[in-house]
Chemist: 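Please find one structure pasted underneath; my questions will follow.
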Amino acid sequence: MKISSREIWEADLDAVRAKGLYRELRRVDSAQGAEIELNGKALLNFSSNDYLGLANHPALKAAAIRAIEQYGTGSGASRLVCGSLAPHHELEEALASFKSTEAAVTFSSGYATALGTITSLVGKEDILILDKLVHASIIDAARLSGARLRVYAHNDLNELETILQWADRQRSSAISGSDSAGVSQYPSAIKPRVLIVTESVFSMDGDRAPLTQIVELKERYGAWLMLDEAHATGFFGRNGRGLAEEAGVSDRVEIQMGTLGKALGAAGGFICGSRALIDLLINRARSFIFSTAPMPAAAAAGRAGLQIIQSTEGRERVAQLWRNIGEARQLLASSSFASPPQFGTSAILPLIIGDEQRAVALAGRLREQGIFVPAIRYPTVARGAARMRVTLNSAHTRDQIKSLSDALARALDVGVTPLAN
Ligand SMILES: *Cc1c(COP(=O)(O)O)cnc(C)c1O
């Protein structure tokens with residue numbers, strides 16, 4: 001009997017469904033905003049990473065249109081062939097200046113950034129140390145790099161230090177016979193190289209890494225730090241550079257990563273750092289080298305987004321976003337959901353439900369009431385740690401945030417109870 005490919009794939013899909021993990025696309029027929037039209041229905045939107053409402057901002061649109069008029073739509077080739085257009089260079093200069101680093105390089109997405117960067121910096125003989133909750137792009141990069149992988153429990157500094165001590169011993173034995181007294185005196189040029197990667201604000205938990213302590217540890221043990229600021233860029237720190245700025249450690253983080261697709265309202269990913277780092281990535285990062293350069297319109301929009309967040313208007317949006325976060329924290333923290341310890345210290349406010357099916361049911365009840373909050377499930381988060389991931393943006397009004405909290409209370413009334421914590 002011949003089984004068709006379709007039958008096999010249908011069976012695979014049935015298995016996904018049986019676990020409550022089936023996903024499908026929802027068509028959006030409007031621009032990003034506090035309200036969106038989703039599957040033909042107008043909904044209040046608490047799901048977007050467009051934290052400052054720049055994805056549909058007139059200045060970004062105008063910049064993109066100007067770039068299209070001048071440079072066309074396609075970049076035509078990869079950056080190292082003939083696709084390195086003026087808007088890419090202008091964006092990279094603006095990013096380096098924004099982050100106050102020597103240089104910057106952009107990729108077509110944050111995902112491609114993580115993939116290209118990590119694989120350029122560590123290989124088979126090296127050691128890569130990750131927080132348990134880092135983003136899939138970092139995990140995929142780690143696998144691809146072939147480096148020896150060690151994972152520490154989320155934000156667990158003790159476990160991180162234990163791993164760093166172990167890594168230091170590997171290095172000491174690699175430099176056989178020299179005077180290695182525990183803490184390494186050797187430059188990281190010596191193998192194995194040791195790279196720690198963490199997010200500054202975690203994408204699904206919304207909590208912050210203990211950055212100052214991580215920086216101190218990596219310096220004590222001669223490791224490097226790559227910091228993914230995807231959910232902090234634009235509105236953390238005095239100039240919106242990210243959590244590293246807020247913690248006062250920007251110039252001690254070797255590899256500063258971000259995305260242009262979230263608060264910056266465009267698309268693409270970036271690394272800021274030393275000229276040497278950036279030149280190395282341009283020479284080695286395969287997701288940069290073997291990919292057509294991003295559309296010039298995307299680069300121009302990203303640069304316009306950067307300009308806005310550094311303007312008075314941008315600062316007002318940031319202030320409004322933080323007021324909204326405060327409002328939501330107050331209203332939602334008193335709900336009966338399990339609240340993580342740092343609830344409401346970023347724009348991501350997860351309501352932990354636990355069971356996958358239950359989270360999906362709750363999201364459905366909210367949609368019936370005109371509110372969109374995504375149910376986040378495995379494999380995005382651990383099994384049994386499903387959650388409603390509420391994200392705030394600067395365009396939300398007080399009333400809209402109140403509607404969310406009321407709708408949640410009603411959804412609970414009709415029998416979708418959260419997991420007791
Ligand atoms: C979204 C995200 C990325 C990927 O960025 P894209 O530009 O969307 O590809 C990387 N890291 C984290 C933590 C993210 O949340």
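Start at 1 and go down the list; that is how both ligands and their atoms are numbered. Hydrogens, waters and symmetry mates are skipped; everything else that's a heavy atom, side chains included, is used.
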Chemist: Who's touching ligand 1 if we go heavy atoms under 4.0 Å?
Modeler: Ser109, Gly110, Tyr111, His135, Ser137, Glu199, Ser203, Asp228, Ala230, His231, Met257, Thr259, Lys262, Gly268

Chemist: Less than 4.0 angstrom from a charged side-chain N to a carboxylate O is my criterion; do Arg303 and Glu90 meet it?
Modeler: yes

Chemist: Will you find, in the side chains of Ser84 and Arg79, an N or O donor that is under 3.5 Å from an N or O acceptor?
Modeler: yes

Chemist: Does the plane of the ring in Phe235 sit parallel, tilted or perpendicular to the ring in Tyr51? Use 30° and 60° as the thresholds.
Modeler: tilted

Chemist: Report yes or no: is the cationic atom of Arg150 (NZ for Lys, CZ for Arg) closer than 6.0 Å to the six-membered ring centre of Trp166, at no more than 45° off its axis?
Modeler: yes

Chemist: Would you say the side-chain atoms of Ser75 pair up with the backbone N or O of Pro294, donor to acceptor, closer than 3.5 Å?
Modeler: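 Side chain of Ser75 to backbone of Pro294, a donor-acceptor pair under 3.5 Å: yes, one is there.
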
Chemist: So which heavy atom on Thr391 is nearest to which on Ser47, and how close?
Modeler: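 Distance-wise, the nearest heavy atoms are OG1-C, 3.1 Å.
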
